[in-house]
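Contents: one structure, followed by commentary.
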Amino acid sequence: MSPAKTPPEILDVDGHEVRVTSPDRVVFPEPGLTKLDLVRYYLSVAEGALRGAGGRPMVLKRFSKGLDQEPFFQKRVPDNHPAFIDTATLRYASGTSAEETVIRDAAGLAWVVNLGCLDLNPHPVRAEDLDHPDELRVDLDPMPGVDWSQIVDVAFIAREVLEDHGLVGWPKTSGSRGLHILVRIRPEWDYTAVRLAAETLAREVENRAPGLATARWWKEERGESVFVDFNQNAKDRTVASAYSIRPLPDARVSTPLSWDEVRDRRPDEFTVLTVPERFRSIGDPHAGIDDAAGSLDALLALAKELGPAEKPPRGSDGSGRRASTMPLIEVARTKTKPEALDALETWKQRHPDATAALHPADVLVDGMRGSSSLWYRVRVNLQHVPDAERPPQEDLIADYDPWAGRSGS
């Protein structure tokens, strides 16, 4: 962080005045990127970023306390938003609603970055039709121990399934370890149908690539495979859109690729420092995405052929909750990821023999969505530990309650 607060920088963005507060505040210490640098990055790729996020209601994921602190999620648009920020009111099954931010131009990009947003998290609908998504999202999420070549193999199988069902997939790096494939669809189906189509796609990818890919929702059942995450198409879910900066030390960017690039390029090549020149030289590989909207009819027909997905067994305690088929123990619940990793290390030191038997995918550190921010749950799958050597469930090393002190919790 800069030692002294600097005066705001006033930018003229296509005739709109955007005020950037604390422009010299260092957000990414490793590459030395300031808040103003991030604004200028988004302005340099505005055409591509708006192709992914423009005109869509979005959740504001704000890193107002810096990169090393957990962000908070703000659904409702700030009261003092400027006139060039549009809004749309989303209503959820819980009965709640939120008037969310809609950006439509480069000035809107600069404004949300000034609020502390690094990545852009739009819903898969346009503000003009909130009930019918125009985008199906395929999130290829690798389990620990999975390398890039396996992710790529699954991506090409997903592409094949999409093409076999009349759809076009547009790949991009997630900005972390995985890949996203975006699929434009005509806005003729509701969220339930879109999620079913996405789940059907995931099941068919698993059928064609058993062992490489999985559609199993429960993490401990996936093994060292690539999870085709269909639930990113649920109504309350958002995904970091194209050209989003991700909260990693190297300021990595979720970057659109051509299919010819997928096998040879790597996510760490694409950062705030490298992507603007790529954009200037080759343009946006997703430039044609809006002209490729397709139909879900074929995937929904396949859903009928496959029948309902297998449901997990329920516990015998009368709660109706799903019962895991794996020997899971819970280690900790924490407010931050560093605390979760510290708790995990403490457990490993207590149980070195069991730790030695674990496979990478047996360690489950999950970010869980709380009321406005993430919290972390640490579990260990003892499936590869001999029965006689399995540690019992113990008191949690840390037991953070994300709902403590909230009414109705």
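E305 meets the salt bridge (charged side-chain N to carboxylate O under 4.0 Å, His left out) test with no other residue; sequence neighbours excluded. In this view, D134 and R56, R126 satisfy the side chain to side chain donor-acceptor pair (under 3.5 Å) rule, not counting sequence neighbours. By the salt bridge (charged side-chain N to carboxylate O under 4.0 Å, His left out) test, K61 is found to be paired with D119, residues two or more places apart in sequence or in another chain being considered. For D395, there are no salt bridge (charged side-chain N to carboxylate O under 4.0 Å, His left out) partners at least two apart in sequence or on another chain. In this structure, D399 has no salt bridge (charged side-chain N to carboxylate O under 4.0 Å, His left out) partners at least two apart in sequence or on a different chain.
For residues 135-144, the set of pairs meeting the salt bridge (Lys or Arg N to Asp or Glu O under 4.0 Å) definition, not counting sequence neighbours, comprises E135-R137, E135-R184. Applying the salt bridge (Lys or Arg N to Asp or Glu O under 4.0 Å) definition to pairs two or more places apart or across chains, those involving residues 147-167 are D153-R263, R159-E163, E160-R208, D164-R208. Contacts classified as salt bridge (Lys or Arg N to Asp or Glu O under 4.0 Å) and involving residues 38-49 (residues at least two apart or in different chains) are given here: E47-R51. For the side-chain hydrogen bond (donor to acceptor under 3.5 Å, both in side chains) condition, the pairs that include at least one residue of residues 236-245, sequence neighbours left out, are Y243-D284. Sorted by first and then second residue, the ring-ring contact (aromatic ring centres under 6.0 Å, His included) pairs with a member in residues 34-66 form an empty list; sequence neighbours excluded. Screening residues 334-343 for salt bridge (Lys or Arg N to Asp or Glu O under 4.0 Å) gives no qualifying pairs among residues at least two apart or on separate chains. For residues 7-35, the set of pairs meeting the ring-ring contact (aromatic ring centres under 6.0 Å, His included) definition, not counting sequence neighbours, comprises H16-F84.
With respect to the salt-bridge test (charged N to carboxylate O, under 4.0 angstrom), the residues R278 and E269 do not qualify. Note on R252 versus E30: no salt bridge recorded, every NZ/NE/NH1/NH2 to OD/OE distance being 4.0 Å or above.
Between the CD1 atom in I103 and the CG atom in L109 there is a gap of 4.0 Å [rounded to 0.5 Å].
Atom CD of E345 sits in a crowded spot, with more than 12 heavy atoms from other residues, nucleotides or ligands closer than 6.0 Å.
Side chains of E204 and H165: a donor-acceptor N/O pair is absent below 3.5 angstrom, by distance only.
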